[in-house]
Student: 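One structure, pasted below without further comment.
Chain A is the first sequence line, chain B the second, and so forth, proteins listed ahead of strands; every chain is numbered from 1.
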Amino acid sequence: MTGSAQHTAPAQRTEGALATLRRGLRMMPEFRRGLPVTFALALVATAGRVVVPIAVQQVIDRGLTPGGADLELVTWLIAGCALVVVLTAVAVYRMNVRLFRTTETALANLRARAFRHVHDLSVLHQQGERRGSLVSRVTSDVDQLSVFMQWGGVLGLVSVGQLFVATVVMFVYSWQLTLLVLVCFVPLVFAVRWFAQRLVRVYGVVRERVGDVLAAVAESVVGAPTVRAYGVRGRTAARLDAAIDRHYRAQVEAQKVTAAVFVSGEFVAALANAAVVVVGVLLGLAGDITAGTLVAFLFLVTLFVAPVQTASEVLNEAQNAVAGFRRVLDVVDTEPDVRDPAVATPGRVRALPEGPLGVRFEAVTFRYAPGARAALDGVDLTIAPRTRVAIVGETGSGKTTFAKLVTRLMDPVEGTVLLGSDAGGWVPLADVAFASLRARVVMVPQDGFLFDATVAENVRYGRPGMTDADVVAAFDDLGLGDWLAGLPEGAATAVGQRGESLSAGERQLVAVARAYVADPDLLVLDEATSAVDPATEQRLTRALDRLTDGRTTLTIAHRLSTAERADEVLVVDAGHVVQRGTHAELVDAEGPYARLHASWRRSSAGEPEPVIG
Amino acid sequence: MSRRRDAVVRRGLRHIGRAVREQPRMFTLAFLASSLYGGMTVASAYVIGEVTDRVLLPAFDEGATTTAALTLASVAILGVALLKIVGILGRRLFAGIMSYRLQAEYRRRVTGQYLRLPLSWHQRHPTGQLLSNANSDVESAWFFVAPLPFACGALVMIAITSVALVLTDPLLALVGLVVFPLVFGANIVYSQVMSPRMQRAQQLRAEVSEIAHESFDAALVVKTLGREDTETERFTERAEELRDGLIAVGRVRGMFDPLMEALPNLGTLAVLLIGAGRVADGAVDAGDLVSIAYLFTLLALPIRAIGWVLADLPRALAGFDRVTPVLEATGETPYGPDAAVAAAGGAGIGVRDVGFTFDGVSRPTLHQVTFDVPAGRTVAVVGPTGSGKSTLAGLLVRLVDPADGSVLLDGVDLRRLREGETSAQAAFVAQSAFLFDDTVRGNVTLGAPFSDDEVQAALRVAAADEFVGALPEGLDTRVGERGASLSGGQRQRLALARAVVRRPRLLVLDDATSAVDPAVEARILDALRGSETPTTVVVVAYRQATIALADEVVWLADGRAVARGTHDELLAQVSGYAALVRAYSEAEVAA
């Protein structure tokens, strides 16, 4: 599909990191809950950290007085400090556990929400995204957040607290030296800002390269048969290696910037230390501070430097996390372009009339991208309930678009699709709650995906709660009992991942059975039996005809045998319904259907068409 | 229990050894830089002590100082700091490179295995699992490498500190002798308690990812059946297990981190306590005490680096354990020494007593299938859904090997051919076309040196020229991941063009033309068979037009080649065959 551009999330690129965090926290009330206590614990934790420098100062100034140490005082002092250290450790432990619990709870909910939202997005949007990147929205992006909120979050909290407490204590000891230290760190603030921008850039590149690697790996796994059939292992390996290598180089590039950020803090710390010694001695000579104070101050500078360094570390992690966060939020915040009215506009929800459903198109136009050729162009038609309609036409004529509009996988660009009947009234599709729509209208796509489970479990997906016997009975109803019995374990046969233990045709049989048990009032088959052998297909469609008698069936098929049996045939060409009538009427009339049918007749009767050119 | 714990430690050490052996140069550089950093950290403490003793205290005692003394002090502080910075830069850069190289190297090895291992291996492993093996598992296997040189440097620091302690004062050294082993002990206990929890979390993480993969792949089915709620439930259930697993991990980590911080702090306090007594006794001077106390403060961070490495080891082992089976998987497709017969024109195919059974399935998919396709002939394989046609088609181009019997190309068993020979002779088009995230041209040539004219000609034959011509950048248009920007029919035609451009000696079409007009199909076959040396074609098909293009038909039922002959012969002799191919005509009669 080329229509993804118009469906992508609103551009959030300009949003700052703080805005993203605010947006995210709004979405995670579980995380905010109990945050004040966590903050309080963080404050206790940081307070504990300044105890050691204070102890050093006290011991030097008061314990080691010239002419004999006051050992009793030292002992009491140290015992007190030890107690504070232990209490601090306990506070940090409590804080960690709280933080782990709230973040993991909040993130699990965010994961589930994002997952649900991906399913709520329209088919177009889902197809416009790399499958792997949708998966990483609910896996690695969230994991990254968890790393940041716990590791970075803890360190960040403690660091900010430590910075604050260290500054206060430093001021108490000597305001002059404190100012001196602060002045030394001013250039660092600007440097960190500049580095932050560079970090955003280099990590953006890393992230992009990771995506390339993921895509290349997926190719080597999903494309395994093609790679082998064409002997292009070397080429595929070269492409993979190139992606891996580009990722590696981006990582090293990012590492250089990170190292530079870290080192700049170290350098400033050394400057501050030297300045404190020189100025401290001069202040001491002036009688403003004692030797113990000066030594303690040197310790405090370490306490001041460490959080600054940590902050630069966390900053790095934060860039990654915020970028991941933004991607998750962008998914969650994307308005699905096909919305469930039960959620979006509950006041407008209307119930579908009971019984068989007809289909009505009123001036329906659809295009996959703005400005693109209309896939359906101003279509007006009504299909009465209880009819079996075949939709035929060349590839690309708009048949599948028709099916997707009837099932509301997409909404028309212009016009209205309605379901109902003249007797029960017509209801615009956009006003029907999804729960009711999906229960009454079921489509079987060409590639009826099967889950990695048994045949019975896959069929039960159409109607939960069926017993295995019900499943067997359903296959019998469809004339497929023999086929099912022929499987190694019958209905309990495992189909493998994506149903790959079955052949393509067999997968389609299971998919049709799954839709049949869902018991819809309107069944849409989009090339649903294209890979099934003709004899089985005939048996199956005859059974379906019998079973769906009194319901409405729309069938899209290349094989015109369906059209021959249908109550009505719609011929679609270049986005228009160009012919309509019974097979008998159309086959004799001048027009595209007669041509299509003649060609199909020839192909199924065994005469290849004359080759032109 | 304790034996298993020992095993974790031992395996962890072996894993570290593996990292060092794989990247000895980077490790040495990072380790040297780390040691420089460590040495300078100790030196900086020493400098602070010396400055205290020789500059600060005299200045305060005497009430005077000299410019020279102050200059010396600041130069010493700054000089040591500069060397330390060099150490940090080197450590971070080299350790980063080491860790990233290991990641890249193992990613290459794992994906190399994916490409090397046979399809039967792929069929046994879920896609989601293979993706996480190559991505997150490789990453976690080597994550610990980043702080590894730092941790080794910390060991050096601890050694230097211990020596300095003993030299300064044996009694103070006792504090170190108590604190350092405690730190190690705590780390070892930690990694043992953590190991099973980490493994479980990693496993759950993979399962969450698998569910997301499958569910998003099934998006259309989920939507059309309105199963979003049950899918979300299925996902949430596992996500909540993961949450609980991660909280269990957090509980242990949350205890370990503050413990690692408290131990050096308590050490510092102990140094002060004992040191005060020693200063009073005159055994130590105040400057020494300050140095040692400062050293303990500085040691807190590097000691934690040891913790980081040990803490990450269980996760690394878990990741590595998931990667190892891929790296050690055998069952590589064995190739023989022979070259294919270098003939122009079609290849002769022989299928001899071929049997094939899927893993974990008792009933064989194919059983004693025997038939020949003479060079240049076209044979249709016809059979009911599930009769084994696709499996047979895959055997002909050696996507899989038969369990029994053999498949011959020009009389040579495919297994005797050298690597690349089969694919050089044969082309295969599957039911669902797979396209690479590449340009149209790249998808047709797959890197082989075909000219644009040849590519265009092949596109014409496959009736793909028109839509390719309408693409914004023609042959250079990228088709997106798995050809996402094209329709199913368009992908199919590109896949056909890919086969046609190679002028293969054998073409195997596995129901690959069902979405293509019969006229196009006829044109493709004519293009390949029209020359004087026609391509051999095996086509799996249902429709009579396709069957009619074949010289002969093999009728496959229940995994056995039941009959073979011309279309007319089979119609006359085999009732199942007639019922199948005539289904549409019968339907008309019945209707």
Student: Which answer fits B:Q431, side chain, backbone, both or neither, if we ask what part of it has an atom under 4.5 Å from a heavy atom of chain A?
Tutor: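 Just its side chain gets close to chain A.
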Student: Find the one option among B:A239, B:G386, B:G96, B:G383 whose heavy-atom pairs under 4.5 Å with chain A are most numerous.
Tutor: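 The answer is B:G386.
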Student: Side chain from CB out, backbone as N, CA, C, O: work out which of these in B:E214 comes under 4.5 Å of a heavy atom of chain A, or both, or neither.
Tutor: both
Student: Compare all side-chain heavy atoms of A:E537 with those of B:Y542 and state whether any distance is below 4.5 angstrom.
Tutor: no
Student: Examine whether an atom of A:L240 lies under 4.5 Å from a heavy atom of chain B, and if so say whether it belongs to the side chain, the backbone or both; otherwise answer neither.
Tutor: side chain
Student: Within a 6.0 Å radius of atom CZ on A:F267, are there more than 12 heavy atoms belonging to other residues, nucleotides or ligands?
Tutor: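 Not more than 12 within 6.0 Å, no.
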Student: Would you mind telling me which of A:A216, A:S140, A:C81, A:P225 has the largest number of heavy-atom pairs within less than 4.5 Å of chain B?
Tutor: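 Winner by heavy-atom pair count: A:P225.
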Student: Just verifying a value: how many Å separate B:R92 CZ and A:K256 NZ, rounded to the nearest 0.5 Å?
Tutor: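 Result: 15.5 Å between the selected atoms.
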Student: Measure B:S136 against the heavy atoms of chain A and call it side chain, backbone, both or neither at under 4.5 Å.
Tutor: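 Neither the backbone nor the side chain of B:S136 comes within 4.5 Å of chain A.
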Student: Using non-hydrogen atoms and a 4.5 Å limit, figure out which bit of B:D257 sits close to chain A: side chain, backbone, both or neither.
Tutor: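 For B:D257, the side chain is the part near chain A, not the backbone.
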Student: Give the intermediate values and the outcome of side chain to side chain contact (heavy atoms under 4.5 Å, CB included) for residues A:Q251 and B:Q103.
Tutor: CA-CA 11 Å; A:Q251 281 179 312; B:Q103 267 184 40; 3.4 Å; yes
Student: Below 4.5 Å from any heavy atom of chain A, which atoms of B:A104 appear? Answer side chain, backbone, both or neither.
Tutor: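 Contact with chain A: backbone and side chain both.
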Student: I would like to know whether B:D437 and A:R239 meet salt bridge (charged side-chain N to carboxylate O under 4.0 Å, His left out); could you show each step before the answer?
Tutor: CA-CA 10 Å; B:D437 184 6; A:R239 282 159 60 96; over 6 Å; no
Student: A:N96 side chain to B:G254 main-chain N or O, any donor-acceptor pair under 3.5 Å?
Tutor: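 Flag set: sc A:N96 to bb B:G254 pair under 3.5 Å.
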Student: Under 4.5 Å from any heavy atom of chain B, what part of A:D452 do you find: side chain, backbone, both or neither?
Tutor: both
Student: Side chain from CB out, backbone as N, CA, C, O: work out which of these in B:R205 comes under 4.5 Å of a heavy atom of chain A, or both, or neither.
Tutor: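 Just the side chain, heavy atoms under 4.5 Å.
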Student: Measuring heavy-atom distances to chain B, does A:R235 have an atom under 4.5 Å in its side chain, in its backbone, in both, or in neither?
Tutor: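 The side chain, not the backbone.
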Student: Could you have a look at B:L82, B:L242, B:L70, B:T268 and say which one has the most heavy-atom pairs with chain A under 4.5 angstrom?
Tutor: B:L70
Student: So for A:V222, is it side chain, backbone, both, or neither that comes closer than 4.5 Å to the heavy atoms of chain B?
Tutor: both
Student: Between B:F216 and A:F115 (judged by ring centroids, cut-off 6.0 Å), do the two rings come close enough to count as a pair?
Tutor: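 Judged by ring-centre distance (under 6.0 Å), B:F216 and A:F115 do meet the cut-off.
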Student: Tell me which of these, A:L294, A:L107, A:T536, has more heavy-atom pairs under 4.5 Å with chain B than the rest.
Tutor: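 Most pairs with chain B among the choices: A:L294.
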Student: B:I547 versus chain A, heavy atoms under 4.5 Å apart: side chain, backbone, both or neither?
Tutor: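 For B:I547, no heavy atom lies under 4.5 Å from chain A.
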Student: How close do A:A535 and B:L580 get, heavy atom to heavy atom, and via which atoms?
Tutor: CB-CA, 3.6 Å
Student: Using heavy-atom distances under 4.5 Å, tell me whether B:A426 contacts chain A through its side chain, its backbone, both, or neither.
Tutor: backbone
Student: Minimum heavy-atom separation for A:A270 and B:A81, please, with both atom names.
Tutor: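 Closest approach of A:A270 to B:A81, heavy atoms only: CB-CB, 3.0 Å.
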Student: Taking A:Y230 for the side chain and B:F428 for the main chain, is one N or O donor matched with an acceptor at less than 3.5 Å?
Tutor: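 It does hold such a pair.
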Student: Does the A:Q255 side chain pair with the main chain of B:I97, one donor and one acceptor, at a distance under 3.5 Å?
Tutor: no
Student: Is a side-chain N or O of B:T385 found less than 3.5 angstrom from the main chain of A:D533, in a donor-acceptor match?
Tutor: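 Checked: pair present.
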Student: What part of A:T88 lies closer than 4.5 angstrom to a heavy atom of chain B: side chain, backbone, both or neither?
Tutor: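 It is neither, since no heavy atom gets under 4.5 Å.
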Student: Taking side chain as everything from C-beta outward and backbone as N, CA, C, O, which of these in A:T407 sits under 4.5 Å from a heavy atom of chain B? Side chain, backbone, both or neither.
Tutor: neither
Student: Could you walk me through whether B:E231 and A:Y461 pass the side-chain hydrogen bond (donor to acceptor under 3.5 Å, both in side chains) check?
Tutor: CA-CA 10 Å; B:E231 282 301 291; A:Y461 204 77; 2.6 Å; yes
Student: For A:L214 and B:L131: C-alpha separation, side-chain torsions, deciding distance, then whether side chain to side chain contact (heavy atoms under 4.5 Å, CB included) applies.
Tutor: CA-CA 8 Å; A:L214 286 175; B:L131 294 182; over 6 Å; no
Student: Measure distances from A:V97 to the heavy atoms of chain B and classify the residue's part below 4.5 Å as side chain, backbone, both or neither.
Tutor: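 For A:V97, the contact with chain B is made by the side chain alone.
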Student: Do other residues, nucleotides or ligands put more than 12 heavy atoms under 6.0 Å from the CG atom of A:D241?
Tutor: yes
Student: Would you please say whether a donor-acceptor pair under 3.5 Å links the side chains of B:S215 and A:H119?
Tutor: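 Yes, side-chain donor-acceptor contact under 3.5 Å.
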Student: Which atoms of A:A531 come close to chain B, meaning under 4.5 Å heavy atom to heavy atom: side chain ones, backbone ones, both, or neither?
Tutor: both
Student: Against chain A, work out which of B:V208, B:L130, B:V55, B:V222 has the most heavy-atom pairs shorter than 4.5 Å and name it.
Tutor: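 Top option by heavy-atom pairs under 4.5 Å: B:V222.
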Student: Kindly determine whether A:V252 and B:Y100 satisfy side chain to side chain contact (heavy atoms under 4.5 Å, CB included), including the steps that lead there.
Tutor: CA-CA 7 Å; A:V252 172; B:Y100 299 145; 4.1 Å; yes
Student: Quick one: which of B:T111, B:T236, B:V397 has the most heavy-atom pairs under 4.5 Å with chain A, could you say?
Tutor: B:T111
Student: Highest number of heavy-atom pairs under 4.5 Å with chain A: which of B:V75, B:L89, B:L259?
Tutor: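 Between B:V75, B:L89, B:L259, the count favours B:L89.
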Student: Select, from A:T236, A:V232, A:V213, A:D143, the one with the greatest count of heavy-atom pairs under 4.5 Å involving chain B.
Tutor: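 Top count of heavy-atom pairs under 4.5 Å with chain B: A:D143.
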Student: Using a 6.0 Å distance limit plus a 45 degree cone around the ring axis, check whether B:R101 lies over the aromatic ring of A:Y248.
Tutor: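 Judged by the rule (NZ or CZ under 6.0 Å from the ring centre, within 45° of its axis), B:R101 is not positioned above A:Y248.
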Student: So for A:L502, is it side chain, backbone, both, or neither that comes closer than 4.5 Å to the heavy atoms of chain B?
Tutor: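 When you check distances to chain B, no heavy atom of A:L502 falls under 4.5 Å.
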Student: Report which part of B:S432 has an atom under 4.5 Å of a heavy atom belonging to chain A: side chain, backbone, both, or neither.
Tutor: neither
Student: Supply the atom-to-atom distance B:R108 CZ to A:D245 CG, rounded to the nearest 0.5 angstrom.
Tutor: 6.0 Å
Student: Evaluate A:R111 against B:F235 for side chain to side chain contact (heavy atoms under 4.5 Å, CB included), listing each step before the verdict.
Tutor: CA-CA 9 Å; A:R111 240 189 253 272; B:F235 178 81; 4.1 Å; yes
Student: Given a strict heavy-atom distance threshold of 4.5 Å, which part of B:A495 is in contact with chain A: side chain, backbone, both, or neither?
Tutor: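 For B:A495, backbone heavy atoms alone lie under 4.5 Å from chain A.
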Student: Between B:A73 and chain A, with a heavy-atom cut-off of 4.5 Å, which part of the residue counts as in contact: side chain, backbone, both or neither?
Tutor: side chain
Student: Below 4.5 Å from any heavy atom of chain A, which atoms of B:E419 appear? Answer side chain, backbone, both or neither.
Tutor: side chain
Student: Exactly one of A:V51, A:V86, A:V85 should register a side chain to side chain contact (heavy atoms under 4.5 Å, CB included) with B:N265. Which one does?
Tutor: A:V85
Student: Between A:S530, A:A237, A:G462, which has the largest tally of heavy atom pairs under 4.5 Å with chain B?
Tutor: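 Among A:S530, A:A237, A:G462, the one with the most close pairs to chain B is A:G462.
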Student: I'd like to verify something: which residue of B:Q490, B:R502, B:K389, B:E240 has the highest number of heavy-atom pairs under 4.5 Å with chain A?
Tutor: B:R502
Student: So, A:R438 side chain and B:K223 main chain: donor-acceptor pair closer than 3.5 Å or not?
Tutor: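 Judged by distance alone, yes, a pair lies under 3.5 Å.
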Student: Taking A:V118, A:T139, A:L271, A:V442 one by one, which has the highest count of heavy-atom pairs under 4.5 Å against chain B?
Tutor: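 Looking at each option in turn, the highest pair count goes to A:V118.
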Student: Donor-acceptor pair, distance only, cut-off 3.5 Å: does the side chain of A:R228 make one with the backbone of B:L115?
Tutor: yes
